[in-house]
Enquirer: 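One structure follows; several queries about it will come next.
Quick caveat: nothing in here was measured; it's all calculated off a predicted structure. In listed order, ligands and their atoms are each counted from 1. All values below come from the heavy atoms of this structure, side chains included, with hydrogens, waters and symmetry mates left out.
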Amino acid sequence: MRSIISLFLLSFSLGNGVMFAQQSAAQNPLKNLVSLPPFEEELSATFFAENRERLRDTLPDSSVVALFSAPLKTRSNDIHFPYHQDPDFYYFTGIKKENAMLLLFKEPIRIEDKWYREILFIEDKDPKKEMWTGKMLGAEEAAEISGVGAVWSNTQFKPLQLDWDKLKHVFANRHLFVEGDDLTHPGDLMSLINHFYNKCERAGRPVLVNEGEDLFAFLRQQKSLEELRMIQRAVDITCEAHNNVMRSIQPGMTENQLQAIIEYTFRFNGADGPAFPSIVASGDNGAILHYTDNSGVLIPGDLVVMDIGAQYEQYAADITRTIPVNGVFSDEQRQVYQLVLDAHTVAIRYARPGYKFWTPHEEALRMIGKGLIKLGIIKEWSEIGDYFMHGTSHYLGLDVHDAGIYSALKPGDVITVEPGIYIPEGSPCDEKWWGIFVRIEDDILITEDEAMILSNSSPRSIDAIEAMMRKPDVMVEDQP
Ligand code: GLY
Ligand code: MN
Ligand code: MN
């Protein structure tokens, strides 16, 4: 009895906590969550070695490429953000540690009495640092991961004498802002960058960063089979997260609680975590394209836009589902949703070789324009941008907005298709449409023929979404 009374007092004193405790007890969302079968693959040293070979093939004669790892970033005081490797550095090395650098030469160059095609510089193992932040890479392990034969201490870069007669062109990745130099360490990231730029300046070689970015983007755009397997895993986990929300959402829950279900599903299935801040936007929050507060309460009758993506082995998924909080779309929501879905379908039809990168967007825009006019939401073509104000596609890979050339669509490209319609309160149309925000986003692979949708394992049609929300263990086939 005493414990009941004190629980009651505690609930009373916590205010909103009362509602939260009651909801959690009543619905226990975790009981409906489903997990995926295990997946144990990782990228091989051969993959990274092949990427370096492809890079070498695209370089002009007498070139060198310097790739720097990402800096560690401070969150506050002495706490850091979780480390995320620079995508270019990762793509050519597979190394996920900081204070590292790769030098890659077009032709073998002689240093002292040996010939080198590439040298990877990494941080020396330091038992004191390992005690605080975990195991560091030894040279042998770094060689095994990357396939680079020559792995040196990062302190060996400063004294290195390069034969600049053989190095006419110097490319580098665009390194991110580095917060500070450890003055006692000649091989930390800032020292590597400074020594590199000083050497180039003394040798009269400009560092070609924009040109380097274009080369890396060209290579990264086309995904290999190994990469596709990683992307597919990130996509499968993300679909499962959407499905888990559909299985357990209840009015009165908070957006944050949906985010918890989503990110639980990510990590439980082996993802590194989210590839970008999860967007869980119910009601009017759906108007904010990159909403990340996720603090609203779910109200029956509202839609919730969930734009989320797991990261697996550094590869991102990016999938949006829009669902009704109470499990059933209203008539107006249905009409707008179906229009976005039609635009999505038509965009995918044009996502194939022979078309430009922007053709799917142009077709989606045309479909949405026609539909908005038909529904009476707009009168003039020029008003479309008020309701659909973003692009339909971007490349997807190591970055969620991945590197690529944005010209013709090619087999091996992975892109998103994500049309949307957003009708905020006060829009110049019948107010029955106000407060409807819909985005549908899928990840697709461009093939020789029609595009392959990688994210079919989460329902997308109105009927299939409603069916899954009604019967959490049923997945209705709904794909075109
Ligand atoms: N999640 C961000 C985007 O869809 O581009
Ligand atoms: Mn997205
Ligand atoms: Mn996207």
Enquirer: Show me which atoms of ligand 1 lie under 4.0 Å from any heavy atom of E441.
Expert: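 Those atoms are 4 (O).
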Enquirer: Find all atoms of ligand 1 within a distance of less than 4.0 Å from any non-hydrogen atom belonging to H401, and give their numbers and elements.
Expert: 2 (C), 3 (C), 5 (O)
Enquirer: How far is atom 3 (C) of ligand 1 from the closest protein heavy atom, and which atom is that?
Expert: D318 OD2, 3.3 Å
Enquirer: Assess the residue pair T320 and E418 against the criterion (side-chain hydrogen bond (donor to acceptor under 3.5 Å, both in side chains)); give the C-alpha distance rounded to whole Å, side-chain angles, the decisive distance to 0.1 Å, and a yes or no.
Expert: CA-CA 8 Å; T320 307; E418 50 179 306; 5.2 Å; no
Enquirer: Quick check on the Mn ion (ligand 3): does H401 put an N/O/S atom closer than 2.8 Å to it?
Expert: no
Enquirer: In terms of relative ring orientation, are F39 and Y312 parallel, tilted or perpendicular, with 30° and 60° separating the classes?
Expert: perpendicular
Enquirer: Of all N/O/S atoms in E441, which lies nearest to the Mn ion (ligand 2)?
Expert: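 Nearest to the Mn ion (ligand 2) within E441's N, O and S set: OE1.
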Enquirer: With the Mn ion (ligand 2) at the apex, how many degrees lie between OD2 of D307 and OD1 of D318, rounded to 10 degrees?
Expert: 150°
Enquirer: Among T238, N243, D236, which one satisfies side chain to side chain donor-acceptor pair (under 3.5 Å) with S458?
Expert: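 Among T238, N243, D236, the one that satisfies the side chain to side chain donor-acceptor pair (under 3.5 Å) with S458 is N243.
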Enquirer: For F268 and Y264, take the angle between the two ring planes, folded into 0 to 90°, and tell me which bin it lands in: parallel under 30, tilted 30 to 60, perpendicular over 60.
Expert: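 Parallel.
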Enquirer: Evaluate F216 against F171 for ring pair (Phe, Tyr, Trp, His ring centres under 6.0 Å), listing each step before the verdict.
Expert: CA-CA 10 Å; F216 311 145; F171 299 92; 7.9 Å; no
Enquirer: I'd like to know if D413 pairs up with R352 as an ion pair, taking the criterion as any Lys NZ or Arg NE/NH1/NH2 lying under 4.0 Å from an Asp or Glu carboxylate oxygen.
Expert: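 Judged by the 4.0 Å cut-off on N to carboxylate O distance, D413 and R352 do not form a salt bridge.
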Enquirer: Between D331 and Q335, is there a side-chain donor-acceptor contact under 3.5 Å, judged purely by atom types and distance?
Expert: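 No.
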Enquirer: Between E226 and R229, is a salt bridge (charged side-chain N to carboxylate O under 4.0 Å, His left out) present by the stated rule, with each step listed?
Expert: CA-CA 5 Å; E226 272 192 73; R229 296 174 80 79; over 6 Å; no
Enquirer: Show which atoms of ligand 1 fall inside a sub-4.0 Å distance from at least one heavy-atom site of H394.
Expert: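 Contacts of ligand 1 toward H394, numbered from 1: 3 (C), 4 (O), 5 (O).
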Enquirer: Should you measure from each heavy atom of E418, which atoms of ligand 1 turn up under 4.0 Å away?
Expert: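 Selected atoms, number and element: 3 (C), 4 (O), 5 (O).
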Enquirer: Find, among atoms of E418 that are N, O or S, the one nearest to the Mn ion (ligand 3), and state its name.
Expert: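 Checking each N, O and S atom of E418, the shortest distance to the Mn ion (ligand 3) belongs to OE2.
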Enquirer: Number the atoms of ligand 1 from 1 as they appear, then name those within less than 4.0 Å of a heavy atom of H290, with their elements.
Expert: 2 (C)
Enquirer: Just jot down the ligand 1 atoms closer than 4.0 angstrom to any heavy atom of F276, in number order.
Expert: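 Answer for ligand 1: 1 (N).
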